[in-house]
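Keep in mind it's a predicted model, so treat the numbers as computed, not measured.
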Amino acid sequence: MRNYLSEIKGRFVVRLSVVEALLLNSSTTLTATILMMFILLSSCEKEITVTLPEAEKKVVVEGAIEQGRHPYVLLTRSSPYFAPVSDFTNNLFVTDAIVIVSDGILSDTMHGGLNMEVYNPFPVFAYTSDIITGAIGGSYSLKIIADGKTLTATTTIPTPVVLDSLWVKPKAGSTNDSLVNVWALLSDPAPIGNNYRWFTKVLGRDARYLAPGGAAFNDKFTNGVQYDIWYHHPDDPLTQTDTIDHNHRFFKGDTVVVKFCSIDVASYNFFYSMENVMDANGNPFAAPASVFTNVSTGGLGGWIGYGAFYDTLVIK
Amino acid sequence: MFRLSLLLLFLVSCFLFLASDTHAQQTKKHTISGYVKEESTGEFMIGVNVYIKELTRGAVTNQYGFYSITIDEGEYTLATSFIGMQEYVEKLNLNEDKRINISLKNVPVNIKEVVISSEQSDKNVQQTQMGVVDMPIETIKQLPAFMGEVDILKIIQLLPGVKSSGEGNTGFYVRGGGPDQNLILLDEAVVYNASHLFGFFSVFNADAVKNLELIKGGMPANYGGRLASVLDISMKEGNSKEYHVDGGIGIIASRLTVQGPIKKDTASFIISGRRTYADLIAAPFIPDSSKGKGSGYYFYDLNAKINYRISDKDRVFLSGYFGRDVFSFKNRESGFSAGIKWGNATTSLRWNHLYNDKLFVNTSVIFTDYKFEFAAGQQDFEFKLFSGIRDWNVKIDYNWLPDIRHNVKFGLNYIYHTFTPTNASARSGEVTFDLGKITRMYAHDAALYITDDFDVTDKLRINAGLRATYFEQIGPFDRFVKNQYGQTTDTIHYKGVDESNPIMKLIIDGGLNQSVQVYRHIEPRLALRYTLGKTSSVKASFTQNYQYIHLATISSVSLPTDIWVPSTSLVKPQMGLQYSAGYFRNFFNDKLETSVEAYYKTMKNQIEYKDGALPGDNVLDNPDNNFTFGKGWAYGVEFFIKKKTGKLTGWIGYTWSKTSRQFAALNFGRVFDAKYDRRHDVSLVSSYDFTERLNVSLIFVYSTGNALTLPIARYVYEGNLVSEYGQRNSFRMPAYHRADLSITYKGKPHKHFQGSWNLSIYNLYSRQNPFFIYFDDTGSIADGTFRVVAKQVSLFPILPTITYNFKF
């Protein structure tokens, strides 16, 4: 056990994901960045036509189940890389699939329909169940028959980890103290293998819970340690309105609901690898990687169980 | 196993044959031996053909310039042949052992044509080795140089079967093998990372190099430890007659070499240095207000060598190399700064001893070290990452020449490796993050070999050898045992004497380095040549090689962050089998050499990172936990035409080849093209002496585009766009082609001074070769303007450079 850090007095004042980002990507990304700086001095760039092999349209599973709540599943289709947006949006949702969810005892065929909650304020086609409810420690499987394929996925709901406290701090070095980040003190439980995902929702400002970049992390370097984490205000990828005006910060006067979730390792691997692929987009030096998925062969995406802990912070 | 026993049997019979052969001879035999050196500089010469005219047989000087010929008593004519050197001829009455040290004179340029045509070298047809190229440095220096820096590794890439790893890059791939499968030796010391500036320049300063030899197939048993090739580079010894200073002033770097006798004809030295100065030149022009002020890059090299002739029988050499790349990056706005530093250091101490005229021995003690360090900081947050490899190496190599028909080599080699896989430390003010203790990995790496190159009949010559290798990973070592999700479930500790406090450890642990994993293998090597007349021959070879240390490359380009790792319980030694056959023929009195060689290779236990692995995953983990293993194969045909003499010299090479890999955990287990698979590869190298002082050289290269993996589809998750990648390396970049031109004009030779100007034009017709392809998104999905475009980035347009070289 490497928890001598817990003996160190005082709190960590560095966001974990900064360490992680540096650790996990630094050497390659930095050398690559530097190399790119060099070569861009003497290089030239032109647009070219690339003929990519015809990609099969795959079914993407985006589903979640949380303790005390009913599950939802969105089924969408992947689109060839260069396909026009219309190709993407016109036929995005799979609306005629059979989706069966099971908690090991009960199973239910989920009913599909227009749903206003999941992607609030955007309506989406989602499959939901009124019979199955998430419970801590439960294991939930999905069976999906869609576009002629049968897909399966299983997830679990781990025990939530309670955050010790929440507070806010302005960005280091910032003179505007009305724009802040949310900080939390986390006591990681002793056995190694805790995986987390962080969400926030500002009441009145955010229509749903949103996860910022680096929201999924684990205790590889911090097992059994009490330490601080902090996050900025996440962007809604669908509206992207928060980029300039809000400077990715929480404001004084905001009421922030933090949803701090424990997830299983497969779910963590999914989010972690998805962020890496998104970060690597356009970086020619990054090794091309695929996103880990807990959906069976032929499918994409993730079926995630959340052991959620909620806390509210009013920023004064 | 059957194959192995067959080979053993064969070898044994060969040695028996040798024994019976010597007994059968009644007439007395005597030995002619000695060293060959260049008259003007006193440098010993490698690869000089020393032969008996009457027998049309002889020997070739070894790496230290030594030759030995044992033949029956009689009257003979001893002669030499070497391109660009005058022939040495001596009539002799061989009635006792003779020591003949030969000094060769340069051929004056204006009579080159005449002298050379009298006696040609047919070494390429006669030697048993195939897939071997040796090249004197003078050949290389006239060719066009990228940014004016003469680079031997870039010339190597112009040979058939050798491929460049990319635009302006010194990395090379031999016959479908990976970059870590090349054994690069500088004065017998292994150079682990032969590149500067992300591969744009090699670490070898051409001014300090005497000769290089590349073995791409049929690797003899005296070399081992790598699957694909050996690049053996010899440094100059230093002029033993008089002092000389050579130098060059180029646009990005300058060089200076000083050499001379310490004691005439007994001891000499050479020191050669090189440094880039783009940072120094640019610094004054960067305004203090610039946010990047303080960023910069430079590299430097230092080569030094001393040799001392103790007696006619003993010589010692001490040579060293030290080079560093230093990069610093500062962003004043964000307060972020980073520094990267990497480089090699090698030292070799060698002792040549002649037991007698027939037995030459070289003993070497070699130290080699490669280090990479990365440090970054922002405000009071600091982050450091480092990796490297360090070797202590002892080698004893015997060369026994019992008879003109035999050339026997045997010896042993022991290396103690210390690997430092990626280690990191991070700290924020007073608080240190736990990134694990510094992990190192230790290994013993030993080999014994014997090889004989001998004439079975007048026409058939065989080079047969065996290499026995032993590799052992030893403690201290912590094995992190993983479950299927990559979580550590257990840690196994292997005891060992820690370098930091050996005495304490000795007391506590009893001083034992616990064995972690042992590998033992026998590597048979066989090459044969059958002459079909005076000017042609067929050759064939078979080699089996094991490679115990591996370079794991995570990115699509070779970066200094790539780490060397030993074979462990998870990483099995790489194994390669190569079969090759070729036809060699010389035309026009050996003026034109031609050859066709075909090869087939299989490679086992190849290593790649698992899908989605990142370098940081190595921290607090065993690097091999992130590896996945597979196999590979390669085959191809190489055509080569070379004109060595006359006003016009050069070569044309064409290679057709294919190399593939298969990994259970990559690409859904399907076979994919290796990253460096190129179907066609053409290179043309030509050099024309218009006058004694004006030379024009032209290079042209063409090769199939690089294989790469591209995204084929995208999908939405939680409103984010995510890419889905297609089959590994299933896409090809456009073909690569380029021409370079160089014009060298030598100033009038003065008594003590010679200057020359070199104009090199890289990418003569400014071809926009793809360096990488990336995708760019524009617009937004919401309003339907979203569009994805592919963009190609090319590195260097036409790039002329001027270099001034001088010597006095």
Item checked: Under 4.5 Å from a heavy atom of chain A, the part of B:Tyr717 involved ->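 When you check distances to chain A, atoms from both the backbone and side chain of B:Tyr717 fall under 4.5 Å.
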Next item on the list: Considering only heavy atoms and a distance below 4.5 Å, find which of A:Val124, A:Thr297, A:Val60, A:Leu210 pairs most often with chain B.
Entry: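 Winner by heavy-atom pair count: A:Val60.
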Next item on the list: Heavy atoms only, distances under 4.5 angstrom: which of A:Lys58, A:Glu56, A:Arg77, A:Lys57 has the most pairs with chain B? Name it, please.
Entry: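 Looking at each option in turn, the highest pair count goes to A:Lys58.
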Item checked: Closest heavy-atom pair and its distance - B:Val716, A:Glu62 -> O-OE1, 4.1 Å
Next item on the list: Heavy atoms only: give me the nearest B:Gly719-A:Tyr119 pair and the separation to one decimal.
Entry: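 Distance-wise, the nearest heavy atoms are N-OH, 2.9 Å.
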Between [X] and chain B, with a heavy-atom cut-off of 4.5 Å, which part of the residue counts as in contact: side chain, backbone, both or neither?
X	answer
A:Leu300	side chain
A:Asn195	side chain
A:Val118	neither

Check: Step by step, would you call B:Glu724 with A:Val291 a side-chain contact (heavy atoms from CB on, under 4.5 Å)?
Finding: CA-CA 8 Å; B:Glu724 186 198 354; A:Val291 177; over 6 Å; no
Checklist line | Qualifying residues under salt bridge (Lys or Arg N to Asp or Glu O under 4.0 Å), relative to A:Glu117, sequence neighbours excluded | finding: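 Once residues adjacent in sequence are excluded, A:Glu117 has no partner under the salt bridge (Lys or Arg N to Asp or Glu O under 4.0 Å) criterion.
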Notebook entry, point to check: What pairs with B:Arg767 under salt bridge (Lys or Arg N to Asp or Glu O under 4.0 Å), at least two apart in sequence or on another chain?
Noted result: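 Counting only residues at least two positions away or on another chain, B:Arg767 forms no salt bridge (Lys or Arg N to Asp or Glu O under 4.0 Å).
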Note to self: With a 4.0 Å cut-off on N to O distance, would you call A:Arg197 and B:Glu718 a salt bridge?
What the structure shows: yes
Note to self: Just verifying a value: how many Å separate B:Arg714 CZ and A:Ser79 OG, rounded to the nearest 0.5 Å?
What the structure shows: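 Answer rounded to 0.5 Å: 8.5 Å.
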Notebook entry, point to check: Is it true that a side-chain atom of A:Tyr81 and a backbone atom of B:Ser723 form a donor plus acceptor pair closer than 3.5 Å?
Noted result: no
